[in-house]
Amino acid sequence: DINRLQTITERFSKIGSEPILEKRDIIEETKSSFEYLQSRVSKQVIFDFRAPEKPLYVLLNPTLHSWTIENLVKNAIQSIPENQEIKSVVVEILKEDTNFVLKVSDNGIGISTENAAYIFEPKFTTKNSGMGLGLAIIKKIIENYNGSITFASEEEKGTLFTVKLPIKD
């Protein structure tokens, strides 16, 4: 439906452009979103959360951050075939210089070379469901915070998404 697509496109162009920021512990915010997803997964997945023990306070929009974590973790889970014996998703938080770094990795099917060029494009998807907007929206949100998102993937081995955001006091 053309009207629905137009509405989505208009909303997409405005996402994250006027972020409401709050000072939050990024470790606790990320862990909370990760644990919520973990509790809702029906697949037998080994989940691993790695982070410094000390709180790391940053200015962020908790809703957008939670949505980003949930989207990256859901994608990771969905990339692992049902019949795969060992299913693993790892979320890791690091502090590098003046950046907060979030890494989400899986041992799923990986991203093919053909699809890699389109992975952040709106309306691109390899799934049977969904609209292909998740990674495009995440990229836009992160770039609006002067951050970056990259990925490394190997077919049949898995994918690692890395988000870097400047830490602002």
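Quantities reported herein were computed from a predicted structural model and do not represent experimental measurements.
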request  = Applying side-chain contact (heavy atoms from CB on, under 4.5 Å), name anything that partners Ala152, two or more places apart in sequence or on another chain.
outcome  = none

message = Rounded at 0.5 Å granularity, tell me how far OG in Ser112 sits from CD in Glu156.
response = 10.5 Å

Stepwise side chain to side chain contact (heavy atoms under 4.5 Å, CB included) test for Ile26 and Leu165 = CA-CA 11 Å; Ile26 195 79; Leu165 292 168; 5.9 Å; no

ask   = Can you tell me how far the CD1 atom of Ile93 sits from the CG atom of Asp25, to the nearest 0.5 Å?
value = 8.0 Å

note = Rounded to the nearest 0.5 angstrom, the CD-CD distance for Glu155 and Glu114 is 6.5 Å

query = Side chains of Val89 and Lys87: does their closest heavy-atom pair fall under 4.5 Å?
reply = no

message = Please report the interatomic distance CD1(Ile77) to CZ(Arg40), rounded to the nearest 0.5 Å.
response = 11.0 Å

note = When rounded to the nearest 0.5 Å, the distance separating CD1 of Ile141 from CG of Leu64 is 4.5 Å

task = Indicate whether any N or O donor in one side chain lies under 3.5 Å from an N or O acceptor in the other, for Asn71 and Thr68.
result = no

ask   = Is the shortest heavy-atom distance from the side chain of Ile80 to the side chain of Ile109 under 4.5 Å?
value = no

task = Could you tell me which non-hydrogen atom of Trp67 sits nearest to which non-hydrogen atom of Gly134, and how far apart they are?
result = CH2-O, 3.6 Å

Intermediate values then yes/no, side chain to side chain contact (heavy atoms under 4.5 Å, CB included), Glu22 and Leu60 = CA-CA 5 Å; Glu22 298 175 20; Leu60 61 82; 5.9 Å; no

inquiry  = Grouping I, L, V, M, F, W and Y whenever their side-chain heavy atoms are under 4.5 Å apart, do Leu56 and Tyr145 come out in a common cluster?
reply    = yes

inquiry  = For the residue pair Thr30 / His65, report whether a side-chain donor-acceptor contact shorter than 3.5 Å exists.
reply    = yes

key: For the student: nearest non-hydrogen atoms of Ile119 and Phe151, plus distance   = CG2-CE2, 3.1 Å

Please tabulate, for side-chain N and O atoms in residues 99-107, each donor-acceptor pair with protein atoms closer than 3.5 Å (sequence neighbours left out).
{"from": "Asp106", "atom 1": "OD1", "to": "Ser79", "atom 2": "OG", "distance (Å)": "3.2"}
{"from": "Asp106", "atom 1": "OD1", "to": "Gly108", "atom 2": "N", "distance (Å)": "2.8"}
{"from": "Asp106", "atom 1": "OD1", "to": "Thr159", "atom 2": "N", "distance (Å)": "3.4"}
{"from": "Asp106", "atom 1": "OD2", "to": "Ser79", "atom 2": "OG", "distance (Å)": "3.4"}
{"from": "Asn107", "atom 1": "OD1", "to": "Gln84", "atom 2": "NE2", "distance (Å)": "3.4"}
{"from": "Asn107", "atom 1": "OD1", "to": "Ser88", "atom 2": "N", "distance (Å)": "2.8"}
{"from": "Asn107", "atom 1": "ND2", "to": "Ile86", "atom 2": "O", "distance (Å)": "2.9"}

query = Within a strict 4.5 Å, meaning less than it, do heavy atoms of the Val58 and Arg24 side chains meet?
reply = no

task = With the side chain counted from C-beta on, respond yes when Lys140 and Ile137 share a heavy-atom pair under 4.5 Å apart, and no when they do not.
result = no

ask   = For Lys54, which residues count as a side-chain contact (heavy atoms from CB on, under 4.5 Å) partner, sequence neighbours excluded?
value = none

query = Who pairs with Asp48 by side-chain contact (heavy atoms from CB on, under 4.5 Å), at least two apart in sequence or on another chain?
reply = Arg50, Val90

ask   = Do Ile138 and Phe120 touch side chain to side chain, with heavy atoms closer than 4.5 Å?
value = no

inquiry  = For Tyr36, give me all partners under ring pair (Phe, Tyr, Trp, His ring centres under 6.0 Å), at least two apart in sequence or on another chain.
reply    = none

request  = Could you tell me whether the side chain of Phe161 reaches within less than 4.5 Å of the side chain of Leu135, counting heavy atoms only?
outcome  = yes

query = Taking all atoms of both residues into account, what is the closest heavy-atom pair of Lys164 and Ile142, and its distance?
reply = O-CG2, 4.3 Å

inquiry  = Can you confirm whether Phe49 is buried at CZ, in the sense that more than 12 heavy atoms of other residues, nucleotides or ligands lie under 6.0 Å from that atom?
reply    = yes

message = Any heavy-atom pair between the side chains of Thr98 and Pro166 that's under 4.5 Å?
response = no

ask   = Once the angle between the rings of Phe47 and Phe34 is folded into 0 to 90°, is it parallel (under 30°), tilted (30 to 60°) or perpendicular (over 60°)?
value = perpendicular

message = For Pro62, is there any backbone N or O sitting under 3.5 Å from a side-chain donor or acceptor partner on Ser66?
response = no

key: Partners meeting side-chain hydrogen bond (donor to acceptor under 3.5 Å, both in side chains) with Glu143 (sequence neighbours left out)   = Lys139

key: Non-hydrogen side-chain atoms of Ser153 and Leu160 separated by less than 4.5 Å   = no

